[in-house]
Amino acid sequence: MQASARWDYKAATQGFVKGQHTLGMAYWRGEGVKKDLAGAYYWLSIAAAGGHKKSIDWKPMLGRELAPAQKANIDKAARNWLAKHSMSQ
């Protein structure tokens, strides 16, 4: 993980919606991290739940690249993260 992605990860895990979006996009594009569509969908889901407009817009497009069961598992994991971190769902 490159330095910029490390900062995005730190911001994302501390609950900063912009960091969550930026990290999700980094995973989607493979910028600073290994490309990971599941990781991208996870972080965009969390950012979208936090009201990040671009995440709300991009999440359905990314979701079309994942199998329905995979999306369901990621959605569950994102809801768990949100519940643990007391963010809106």
Side-chain donor-acceptor pairs of residues 46-58 under 3.5 Å, sequence neighbours excluded:
{"from": "His52", "atom 1": "ND1", "to": "Lys54", "atom 2": "N", "distance (Å)": "3.4"}
{"from": "His52", "atom 1": "ND1", "to": "Ser55", "atom 2": "N", "distance (Å)": "3.3"}
{"from": "His52", "atom 1": "ND1", "to": "Ser55", "atom 2": "OG", "distance (Å)": "3.4"}
{"from": "Lys53", "atom 1": "NZ", "to": "Asp57", "atom 2": "OD1", "distance (Å)": "3.0"}
{"from": "Lys53", "atom 1": "NZ", "to": "Asp57", "atom 2": "OD2", "distance (Å)": "3.2"}
{"from": "Ser55", "atom 1": "OG", "to": "His21", "atom 2": "ND1", "distance (Å)": "2.7"}

message: Before we go on, tell me: are the rings of Trp43 and Trp81 under 6.0 Å apart, centre to centre?
response: yes
Return a table of donor-acceptor pairs under 3.5 angstrom between the side chains of residues 60-74 and protein atoms on other chains or two or more places apart.
{"from": "Asn73", "atom 1": "ND2", "to": "Ala69", "atom 2": "O", "distance (Å)": "3.4"}

task: List for me each residue that meets side chain to side chain donor-acceptor pair (under 3.5 Å) alongside Lys34, sequence neighbours excluded, and say none if there are none.
output: none
query: Residues two or more places apart in sequence or in another chain: which of them pass side chain to side chain donor-acceptor pair (under 3.5 Å) with Asp75?
result: Tyr41
- prompt: About how many Å separate CE of Met25 and CD of Glu31, when rounded to the nearest 0.5 Å?
  reply: 8.0 Å
Using atom types as modelled, flag every donor-acceptor pair under 3.5 Å from a side chain in residues 6-17 to any protein atom, sequence neighbours excluded.
{"from": "Arg6", "atom 1": "NH1", "to": "Met1", "atom 2": "O", "distance (Å)": "2.5"}
{"from": "Thr13", "atom 1": "OG1", "to": "Tyr9", "atom 2": "O", "distance (Å)": "3.0"}
{"from": "Thr13", "atom 1": "OG1", "to": "Lys10", "atom 2": "O", "distance (Å)": "3.1"}

message: I'd like to check Leu37 versus Tyr27 (side-chain heavy atoms, cut-off strictly below 4.5 Å). Are they in contact?
response: no
